[in-house]
S.K.: 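Please see the structure below; I have some questions.
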Amino acid sequence: MAVNLKGRSLLSLADFTPFEIKYLVDLAADLKAKKRAGIRGKLLAGKNIALIFEKPSTRTRCAFTVACNDEGAFPEYLNKDDIQLGHKEDVKDTARVLGRMFDGIEFRGFKQSVVEELAKYSGVPVWNGLTDSDHPTQALADLLTLQENFGKLKGLNLVYLGDGRNNMSNALMLACAKMNINYTVSAPRELEPDADLIKKCEAIIAENSNKNFIKVINEPKEAVKAADAVYTDVWVSMGEEAKKHERYELLRPWQVNAELMNIALNSNDNCIFMHCLPAVKGAEVTEEVFEAHYSRVFDEAENRMHTIKAVMAATL
Ligand code: CP
Ligand code: NVA
């Protein structure tokens, strides 16, 4: 079956079939091997790419920029303070203006509805570089990292600990549902994933006639048993800074530390640790785990670039 993603936006992995997702991961692996071999292409030659950022970013911004530079495109960084969007101009008008000039638009910000509106009105592919509710390009990089480690995706056990209702957990749940990976979230009751998202993911699993599961297990020591990968993210996401004190009180038992990793490693020697970064060491993860031989956090970071390159190449 041929895959043609030309003209498509990536707003959420929910909109992509398992076959399309696998295609993007494999294309990224191929582009990574080529870059390692010193081969640069012209997959994006002459394309102009707008990079809109309402929130800060290191990895996502750099991944888009380097991917553009590698393949002959011209990235333009548009910080929220420098453009009219959200001040004088609405999303619909900004979308139509940028769509007349650029070949593709990356958006990082607060509301998922904004990235959807940009896609609706710009007439060019729009890529979600993180919103309050989703982070699909990070989930793609994580799929590539899992595939590199285990040589497969199907049947793996990914266990996520911490804020179970944030963008990262949502994106991973969707990615796992699509790719036949078992997904366990361990979070306090107050931060459990949205019940509707779990239902949506279960429907995706049924639709693909798979048997993987989505589970919520509050008790962290129970959750990490048999994990192939233990994943965590910050306890306070961008935009939620006022909740810092409350979150740190609540989430302390979900810290990924050596004790917790030893439980996982005792049941599976090959278990790895993952984090989308940036990490707050001493909070959601200890320095010891972050730096351990089983930590794959910098592979994930590097893979942001290869997967984002694949997404742009496939959709432009
Ligand atoms: N993981 C990630 O999205 O990192 P940045 O916030 O640095 O882009
Ligand atoms: N959940 C985090 C992810 C950062 C990449 C945040 O939104 O801040």
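Atoms considered below: every heavy atom in the structure, side chains included; atoms not considered: hydrogens, waters and symmetry mates. Both ligands and their constituent atoms are indexed starting at 1 by order of listing.
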S.K.: Please could you name the atoms of ligand 1 that Cys276 approaches to less than 4.0 Å, counting only its heavy atoms?
M.R.: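 Listed by number with element: 1 (N).
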S.K.: So which heavy atom in the protein is nearest atom 4 (O) of ligand 1, and how far is it from that ligand atom?
M.R.: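 Nearest protein contact, heavy atoms only, for atom 4 (O) of ligand 1 is Arg59 NE, 2.8 Å.
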S.K.: Applying a strict 4.0 Å limit to heavy atoms, is Thr60 in contact with ligand 2?
M.R.: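 Under 4.0 Å: no for Thr60.
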S.K.: For the residue pair Phe107 and Trp127, is the inter-centroid distance of their aromatic rings smaller than 6.0 Å?
M.R.: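 No.
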S.K.: Between Arg108, His275, Arg304, His135, which one has a non-hydrogen atom sitting closest to atom 6 (O) of ligand 1?
M.R.: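 Residue with the shortest heavy-atom distance to the ligand atom: Arg108.
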S.K.: Taking it one step at a time, do Leu251 and Glu284 satisfy side-chain contact (heavy atoms from CB on, under 4.5 Å)?
M.R.: CA-CA 8 Å; Leu251 281 164; Glu284 75 273 5; over 6 Å; no
S.K.: Would you say ligand 1 has an N or O under 3.5 Å from any N or O of Leu130?
M.R.: no
S.K.: Could you tell me whether Arg8 sits above the aromatic face of Phe16, with NZ or CZ closer than 6.0 angstrom to the six-membered ring centre and within 45 degrees of the axis?
M.R.: yes
S.K.: Using every non-hydrogen atom in the two residues, find where Leu27 and Ala310 come nearest and quote the distance to one decimal.
M.R.: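 The pair with the smallest heavy-atom distance is CD2-O, 3.7 Å.
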S.K.: Does NZ or CZ of Lys215 come closer than 6.0 Å to the centre of the six-membered ring of Phe213, within 45° of the ring's axis?
M.R.: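 Judged by the rule, Lys215 and Phe213 form a cation-pi pair.
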S.K.: Could you list which atoms of ligand 2 come closer than 4.0 Å to a heavy atom of Leu130?
M.R.: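 Selected atoms, number and element: 3 (C), 4 (C), 5 (C), 7 (O).
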S.K.: Do Asn128 and Glu106 meet the criterion of a side-chain donor-acceptor pair at a distance under 3.5 Å?
M.R.: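 Absent: no donor and acceptor within the cut-off.
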S.K.: For atom 7 (O) of ligand 2, what is the nearest protein heavy atom, given as residue, atom name and distance?
M.R.: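 Looking at atom 7 (O) of ligand 2, the protein heavy atom closest to it is Asn167 ND2, 2.8 Å.
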S.K.: Give the atom numbers and elements of ligand 2 that come within less than 4.0 Å of a heavy atom of Ser237.
M.R.: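 Going through ligand 2 atom by atom, the ones under 4.0 Å from Ser237 are 1 (N), 2 (C), 6 (C), 7 (O), 8 (O).
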S.K.: Which residue holds the protein heavy atom closest to atom 7 (O) of ligand 1, what is that atom called, and what is the gap in Å?
M.R.: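 Atom 7 (O) of ligand 1 sits closest to the protein heavy atom Thr58 N, 2.7 Å.
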S.K.: Should the proximity of Leu277 to ligand 2, defined as any heavy atom under 4.0 Å, be assigned to the side chain, the backbone, both, or neither?
M.R.: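 The answer is the backbone of Leu277.
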S.K.: Could you name each residue pair satisfying ring-ring contact (aromatic ring centres under 6.0 Å, His included) that touches residues 280-304, not counting sequence neighbours?
M.R.: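 Every pair satisfying ring-ring contact (aromatic ring centres under 6.0 Å, His included) with a residue in residues 280-304: Phe290-Phe298.
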S.K.: Indicate yes or no: does an N/O atom of Arg61 lie under 3.5 Å from an N/O atom of ligand 1?
M.R.: no
S.K.: Cation-pi check for Phe53 against Lys80: NZ or CZ below 6.0 Å from the six-membered ring centre and within 45 degrees of the axis, yes or no?
M.R.: no
S.K.: Given side-chain contact (heavy atoms from CB on, under 4.5 Å), test Leu153 with Asn180 step by step and report yes or no.
M.R.: CA-CA 7 Å; Leu153 293 174; Asn180 212 346; over 6 Å; no
S.K.: Counting heavy atoms only, which part of Asp132 comes closer than 4.0 Å to ligand 2: side chain, backbone, both or neither?
M.R.: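 Neither; nothing of Asp132 gets under 4.0 Å from ligand 2.
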S.K.: Can you list the ligand 2 atoms lying under 4.0 Å from a non-hydrogen atom of Val234?
M.R.: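 With Val234 as reference, the close atoms of ligand 2 come out as 2 (C).
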S.K.: Shortest non-hydrogen contact from Pro18 to Asn208?
M.R.: CG-OD1, 3.5 Å
S.K.: Rounded to the nearest 0.5 Å, what separation is found between the CD atom of Glu291 and the OG1 atom of Thr286?
M.R.: 10.0 Å
S.K.: What atoms of ligand 2 come closer than 4.0 angstrom to any heavy atom of Asn166?
M.R.: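 Per the distance check, 1 (N).
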S.K.: Which protein non-hydrogen atom lies closest to atom 3 (C) of ligand 2, naming both residue and atom, and how far is it?
M.R.: Asp233 OD2, 3.6 Å
S.K.: Using a 4.0 Å heavy-atom threshold (strictly under), name the region of Met238 that reaches ligand 2: side chain, backbone, both or neither.
M.R.: both
S.K.: Short N/O distance, under 3.5 Å, between Leu277 and ligand 1?
M.R.: yes
